[in-house]
Q: 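My questions will all concern the structure given below.
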Number of protein chains: 2
Amino acid sequence: MLSNASKYAIRSVLFLAENSSRIQKFGAKHIATELEIPLHFIAKLLQQLAKAKVISSTKGPRGGFFTTEKDLKNNVCAILDIIEMGDVFEPCFMGLPRCGDENPCPVHHIVSPFKEAILEKFKHQSIAAFSKEIEEEGSYLSLKGIDFGNNSNP
Amino acid sequence: MLSNASKYAIRSVLFLAENSSRIQKFGAKHIATELEIPLHFIAKLLQQLAKAKVISSTKGPRGGFFTTEKDLKNNVCAILDIIEMGDVFEPCFMGLPRCGDENPCPVHHIVSPFKEAILEKFKHQSIAAFSKEIEEEGSYLSLKGIDFGNNSNP
DNA sequence: ACATAAAAAGATAAAATAGTATTTTTTCAA
DNA sequence: TTGAAAAAATACTATTTTATCTTTTTATGT
């Protein structure tokens, strides 16, 4: 549903939202290491996002990527608009050309509410709010180096 | 989430479930036209499915693909097992390597119930039952030639 | 001014997915 | 028993996605 590019981009922006500021920037290398994603791949994505003003960046020594208050007013869809072309959630799960409420595919009534829920979040919830929710919920952008000590895998 | 190959395969099998029998077979060409999918592509997929005994086929004149009572006892996951490699629904929506209930990604609690619902259907509902449901619900495998007469597009 | 750190830009390569074409084999029916 | 219809098998091409590498530009601290 989401391409790797989108997943990487979203996680990176949310990472910046949680950790960066005008005086606390992060290089592509740092982000790549932190989120365990390919350096050059994420670098290009971050550049696209910066160019489109979804995030901010400065060149040179002590430069890097960061988010401003204004950046945080964006939502996840703003990211997807840059990375993907066309609506990611538009196409029918079963591949029917004109699947919709009136002429549904066999799983339309299962897929449709899910799409709405995720779209609601991505479209109407600011990056700032999304980021805050992540903290409150205790969910993760990266599991790097985290050992939850579940003895299921010795 | 599903590849085009999977979507084509599922729709084709459900089409056969609804329309075919031991004495009513369909050639790849017919199915391709009916479901508006590429002929040679679906032909290859149908061959794979027939080889794996998910559907049946006979060569020669009056031959074609069809489903037997036994075939209909399969479920959609049997199709996916042939076409895709690895679990289609396993990977995390956000791309976290070990996302799960204990260490969730930021959208885990939205995605998880959806995956369970669709997996329940694909895993535990027979093709026969799926097909029956399609008839009862009035949902579609193809919208070819169907004009719903909504005046939104004149 | 100069060396350096970092982003920006561009070129290219590898892999996966999607789709096409051709040939061979099987089977039915005349 | 032979011709044709259809699946089966094989080989190939194209496109998209993913990933890497190289060079250029910009800003900063000394």
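Every chain is numbered from 1 and lettered A, B, ... according to where its sequence line falls, protein lines coming before strand lines.
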Q: If two hydrophobic side chains count as joined below 4.5 Å and joins carry through other members, does B/Ile10 share a cluster with A/Leu96?
A: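 Different clusters.
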
Q: Quick check on contacts: within residues 7-25 of chain B, what sits under 4.0 Å from DNA chain C by heavy-atom distance?
A: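 Here the set is B/Tyr8.
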
Q: Just by distance, with hydrogens left out, do B/Asp71 and B/Ser56 show a side-chain donor and acceptor under 3.5 Å apart?
A: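 Side-chain D/A pair, B/Asp71 to B/Ser56: present.
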
Q: Please write out the pairs of protein N or O atoms and N or O atoms of nucleotides 1-8 of chain C separated by less than 3.5 Å, giving the distance to one decimal.
A:
unit_1	atom_1	unit_2	atom_2	d
C/dA6	O4'	A/Gly60	O	3.2
C/dA7	OP1	A/Ala28	N	3.1
C/dA8	OP1	A/Ser57	OG	2.6
C/dA8	N7	A/Gln47	NE2	3.2

Q: Measure CD1/B/Ile82 against P/D/dA8 and give the value in whole Å, please.
A: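 Checked: the CD1 to P distance equals 14 Å.
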
Q: Can you name the atoms? Protein N/O to nucleotides 11-17 of chain C N/O, anything below 3.5 Å, with the distance.
A:
unit_1	atom_1	unit_2	atom_2	d
C/dA11	N6	A/Lys44	NZ	3.4

Q: Between A/Ile42 (CD1) and D/dT18 (P), how many Å, whole number?
A: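 After rounding, the reported distance stands at 12 Å.
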
Q: With sequence neighbours excluded, what pairs up with B/Thr67 under the side chain to side chain donor-acceptor pair (under 3.5 Å) test?
A: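 With sequence neighbours excluded, B/Thr67 shows a side chain to side chain donor-acceptor pair (under 3.5 Å) to B/Ser20, given in chain and number order.
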
Q: Does CZ belonging to A/Arg22 count more than 12 external heavy atoms closer than 6.0 Å?
A: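 No, because the 6.0 Å sphere around CZ of A/Arg22 holds 12 heavy atoms or fewer from other groups.
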
Q: Minimum heavy-atom separation for B/Asp101 and B/His108, please, with both atom names.
A: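 Looks like OD1-NE2, 2.8 Å.
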
Q: A/Glu84 and A/Ser3: side-chain donor and acceptor closer than 3.5 Å?
A: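 Note: A/Glu84 and A/Ser3 side chains meet the donor-acceptor criterion.
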
Q: Can you tell me if B/Thr33 uses its side chain to pair, donor with acceptor, with the backbone of B/Lys29 under 3.5 Å?
A: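 A pair under 3.5 Å: yes.
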
Q: Report the nucleotide, chosen from C/dA18, D/dT18, D/dA19, that has the shortest atom-to-atom distance to any side-chain atom of B/Ala5.
A: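 From the listed options, C/dA18 comes nearest.
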
Q: Whole angstrom is fine here: how far is it from CG in B/Leu45 over to P in D/dA7?
A: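 Answer to the nearest Å: 14 Å.
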
Q: Validate the cation-pi geometry between A/Lys25 and A/Phe66: distance from NZ or CZ to the six-membered ring centre under 6.0 Å, angle to the ring axis within 45°.
A: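 Cation-pi check for A/Lys25 and A/Phe66: passes.
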
Q: Please enumerate all residues that pass side-chain contact (heavy atoms from CB on, under 4.5 Å) together with A/Gln125, with sequence neighbours excluded.
A: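 Applying side-chain contact (heavy atoms from CB on, under 4.5 Å) to A/Gln125 gives A/Lys121, A/Ala129, A/Phe130, A/Glu133.
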
Q: Only counting residues at least two apart or in another chain, list the ones meeting ring-ring contact (aromatic ring centres under 6.0 Å, His included) with A/His124.
A: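 So A/His124 forms no ring-ring contact (aromatic ring centres under 6.0 Å, His included) with any residue.
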
